[in-house]
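Beneath this line is the structure, given in structure tokens, with notes to follow.
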Amino acid sequence: MTDFKVFDGHNDTLLKLEIFDCSPNSDEFLEGYSRTNIDLPRAKAAGFAGGFFAMWTPSTLEKTDFSHFNPNDPINFAEVKQEDALRFTDRLMARALRLEKASKGQVKIVTSADEIRTCAQNDQMAMLMHIEGAEAIDADFNALEVLYSAGLRSIGPVWSRNNIFAEGVPMGFPGSPDIGNGLSETGKELVSACNQLGVMLDLSHLNEKGFWDVARLSDAPLVATHSNVHEICQSPRNLTDKQLAAIAESNGVVGLNYNVGFIRPDGARNTDTALEDMVRHLSYLVEKLGENGVALGSDFDGCLLPQQIGDVNGNTRLIKSMQEAQFGETLIQKICFDNWCDLLERTLKP
Ligand code: ZN
């Protein structure tokens, strides 16, 4: 048990439950399930109070084995049709809604910061619904309206592939995020539609021109839910100092991604990655964004984790590393929980 509750910026657990053919109510997740990084019993033991639950559509819908997902295989980056993405997003959204019902109050889909705080007090897991790569959304934003009504509160306009809204960054290492064009006209309309509804925009996976378009157009704080420091690890998925300065100026937030390839200075897919290397990114982010701008964005069930993290229990070890690096209790509390709540308070509409 840890004294700190964690509200986390990103996981792909719903995707894993779906592709591992778990029961419609996700009973495996509720009772304990070794094939995912997060399940309810482990979450409770680790103080995992919830987070952004991503709905991401694979490029190859017929492919069901994601245990060997290859970030360098072009087949995983092929563009996705809107109707296919919407159908798959419906499956994940329905899974979340059924899971909530079957949990008998132990899991709740949340749409405000207040609800997240109340869930943490009541030992409920809070799910904030997020779309990673907005292929499911049509250019008339009908799906946006319907999904909002079902609980959606956060959208990353692109995953690392192009769509009608914007262009994503590839995963190759080393690389710059400054690759490709900015937002399309429809992408610009998506920004204002999200601003109007009070849907958070997530800039992780967006290329640099798209990032600057959102920075110019959006009236909300700038957010990257699961990205790290480019100055330490030159992955195109990480944020340059200039981007961090813009996020700081907007009172935005960056969540630390646990993927070894976005942490290690050599960018290697090597799980022998030290917790200290993760803390180094956190320290740098605190220096650039201030104590209110840094949070966690694990990418559980969507990335290659350091051995010492392993699963959701790893948060307790990461917190210990923060303590050893002389992070004060107040700062740890902010990184683990408060900063996401405060950011959502500034972004979502009542
Ligand atoms: Zn991602």
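Counting starts at 1 for both ligands and their atoms, in listed order.
- Between E115 and K108 a salt bridge is recorded (basic side-chain N to carboxylate O distance below 4.0 Å).
- Atom CD of E83 sits in a crowded spot, with more than 12 heavy atoms from other residues, nucleotides or ligands closer than 6.0 Å.
- Taking backbone and side chain together, D12 holds no N, O or S atom under 2.8 Å from the Zn ion (ligand 1).
- Here H226 meets the criterion, with an N, O or S atom under 2.8 Å of the Zn ion (ligand 1).
- Ring-centre distance between F88 and W56: not below the 6.0 Å cut-off.
- Because the distance cut-off is set at 2.8 Å, C303 fails to qualify as a neighbour of the Zn ion (ligand 1), as none of its N, O or S atoms comes that close.
- Salt bridge status for K209 with D178: present, with a side-chain N to carboxylate O gap under 4.0 Å.
- The N, O or S atom of E132 lying closest to the Zn ion (ligand 1) is OE2.
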